[in-house]
Amino acid sequence: MRAFLLAPFITLLELSALPACTVNRSVPAATAVPTAPASLPAPTTDGLPVSNAPVQAVPVLTFGKTPCFGKCPHFTAQIYADGRMHYEGFKYAPVEGTYDVQLGAAVVKEMMQAAEARQFRRFNAEYTSGASDMPSTGLTITYPDGSKKSVRAEGNAPAELQQLFALINTRIEKALSTVNAK
């Protein structure tokens with residue numbers, strides 16, 4: 001009876017000793033989720049460093065617009081301090097698809113300074129209208145100390161916040177002009 005009960009257990013042990021399947025399933029860079037620490041080693045070309053500066057793994061700005069039941073643009077842009085932008089455009093977005101484009105560090109600095117000038121941290125977390133079909137615009141800023149501030153607005157936001165959203169949206173659309181428009 002003991003041999004009968006141990007047989008499945010021994011079979012499982014034998015299976016665990018078999019080599020795993022060697023299929024290489026690489027995830028495209030555009031869909032990879034950063035799981036690394038706050039900075040990664042600089043990228044290399046043929047084994048030589050491109051830059052000595054670390055690559056930022058955490059976006060300093062995350063900006064996006066949500067869909068509605070109509071033709072509202074829906075997209076998300078993750079913007080890094082070094083000027084990189086990871087963009088995902090969905091239905092009715094300025095550009096549909098996933099793209100990694102370069103804004104430039106100076107543009108990111110301009111957006112961060114604009115947020116600081118408008119005292120972004122003082123805005124409410126939400127400006128809602130109560131309507132169920134209202135699209136919203138959202139912005140999350142990650143500060144150097146690691147703290148975050150997020151604001152989501154449906155259209156009834158203060159003028160200063162709307163100006164900041166418009167500035168960021170314009171810079172994103174300008175960067176996307178380098179990719180094929182839909």
Side-chain angles (χ1 to χ4, degrees), residues 29-40 54-179 181-182:
T31 59
V33 177
T35 56
S39 64
L40 302 171
V55 175
Q56 296 295 317
V58 178
V60 293
L61 295 163
T62 301
F63 183 80
K65 294 190 176 197
T66 63
C68 65
F69 294 129
K71 294 186 177 185
C72 305
H74 178 204
F75 68 89
T76 302
Q78 294 177 318
I79 302 167
Y80 298 83
D82 62 4
R84 291 176 296 123
M85 178 175 73
H86 179 74
Y87 172 88
E88 291 183 82
F90 306 100
K91 202 164 191 172
Y92 306 114
V95 176
E96 291 181 14
T98 300
Y99 298 93
D100 289 306
V101 297
Q102 191 67 28
L103 287 168
V107 173
V108 177
K109 184 176 179 181
E110 172 197 19
M111 292 187 288
M112 293 295 285
Q113 288 174 339
E116 187 64 31
R118 289 168 177 80
Q119 299 176 349
F120 182 75
R121 290 183 194 232
R122 75 172 168 83
F123 290 118
N124 295 339
E126 288 188 337
Y127 295 93
T128 59
S129 67
S132 62
D133 183 33
M134 289 296 294
S136 65
T137 302
L139 174 62
T140 299
I141 296 180
T142 303
Y143 293 95
D145 66 0
S147 65
K148 292 182 179 188
K149 169 68 178 183
S150 296
V151 175
R152 185 178 68 85
E154 293 179 346
N156 56 345
E160 293 172 316
L161 182 59
Q162 290 179 17
Q163 291 167 359
L164 178 61
F165 286 170
L167 169 73
I168 294 170
N169 192 66
T170 300
R171 298 302 181 261
I172 289 169
E173 286 184 2
K174 184 175 180 182
L176 291 171
S177 67
T178 62
V179 299
K182 57 179 179 176

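Just the heavy atoms: all of them, side chains too, but no hydrogens, waters or symmetry mates, feed the values below. None of the values given here were measured: they were computed from a predicted structure.
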Side chains of [X] and [Y] in contact at under 4.5 Å (non-hydrogen atoms):
{"X": "Phe123", "Y": "Arg121", "value": "no"}
{"X": "Met85", "Y": "Leu176", "value": "yes"}
{"X": "Phe90", "Y": "Pro73", "value": "no"}
{"X": "Val60", "Y": "Val108", "value": "yes"}

Can you tell me how far apart [atom1] ([X]) and [atom2] ([Y]) are? Round to the nearest 0.5 Å.
{"X": "Thr62", "Y": "His86", "atom1": "OG1", "atom2": "NE2", "result": "10.5 Å"}
{"X": "Ile168", "Y": "Met112", "atom1": "CD1", "atom2": "CE", "result": "9.0 Å"}
{"X": "Asn169", "Y": "Gln162", "atom1": "CG", "atom2": "CD", "result": "12.5 Å"}
{"X": "Leu61", "Y": "Leu139", "atom1": "CG", "atom2": "CG", "result": "6.0 Å"}
{"X": "Arg84", "Y": "Ile79", "atom1": "CZ", "atom2": "CD1", "result": "11.5 Å"}
{"X": "Ile172", "Y": "Ser177", "atom1": "CD1", "atom2": "OG", "result": "12.5 Å"}

- Query: If we ignore angles and hydrogens, is there a donor and acceptor under 3.5 Å between the side chains of Ser129 and Glu154?
  - Reply: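 Indeed, the side chains of Ser129 and Glu154 share at least one donor-acceptor pair under 3.5 Å.
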
- Item | Test item: side-chain donor near acceptor, Ser150 and Thr140, under 3.5 Å |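 A donor-acceptor contact under 3.5 Å links the two side chains.
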
- Query: Taking everything shown except Gln163 itself, do over 12 heavy atoms lie less than 6.0 Å from its CD?
  - Reply: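 Atom CD in Gln163 is crowded, with more than 12 foreign heavy atoms closer than 6.0 Å.
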
- Task: For Phe120 and Ile141, work out which heavy atoms get closest and say how close.
- Result: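 Heavy-atom minimum between the residues: CD2-CD1, 3.5 Å.
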
- Message: Using every non-hydrogen atom in the two residues, find where Tyr80 and Pro59 come nearest and quote the distance to one decimal.
- Response: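 Distance-wise, the nearest heavy atoms are CE2-N, 3.4 Å.
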
- Task: For side-chain contact (heavy atoms from CB on, under 4.5 Å), just list the numbers for Leu103 and Met111, CA-CA rounded to whole Å, side-chain angles, deciding distance to a tenth of an Å, and then say yes or no.
- Result: CA-CA 11 Å; Leu103 287 168; Met111 292 187 288; 3.9 Å; yes

Using atom types as modelled and distance alone, determine if a side-chain donor or acceptor of [X] lies under 3.5 Å from a backbone N or O of [Y].
{"X": "Lys149", "Y": "Tyr143", "value": "no"}
{"X": "Tyr87", "Y": "Phe75", "value": "no"}
{"X": "Arg118", "Y": "Glu160", "value": "yes"}

- Task: Dump the intermediate steps for side-chain contact (heavy atoms from CB on, under 4.5 Å) on Tyr99 and Thr178, then the final yes or no.
- Result: CA-CA 10 Å; Tyr99 298 93; Thr178 62; over 6 Å; no

- Do the numbers put Arg171 on top of the ring of Phe63, so that NZ or CZ is under 6.0 Å from the six-membered ring centre and no more than 45° off the axis?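 Negative - Arg171 is either too far from the ring of Phe63 or too far off its axis.
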
Would you tabulate the side-chain donor-acceptor contacts of residues 64-72 under 3.5 Å, counting partners in other chains and residues two or more places apart, or write 'none'?
| from | atom 1 | to | atom 2 | distance (Å) |
| --- | --- | --- | --- | --- |
| Thr66 | OG1 | Ser136 | N | 2.7 |
| Thr66 | OG1 | Ser136 | O | 3.4 |
| Thr66 | OG1 | Ser136 | OG | 3.1 |

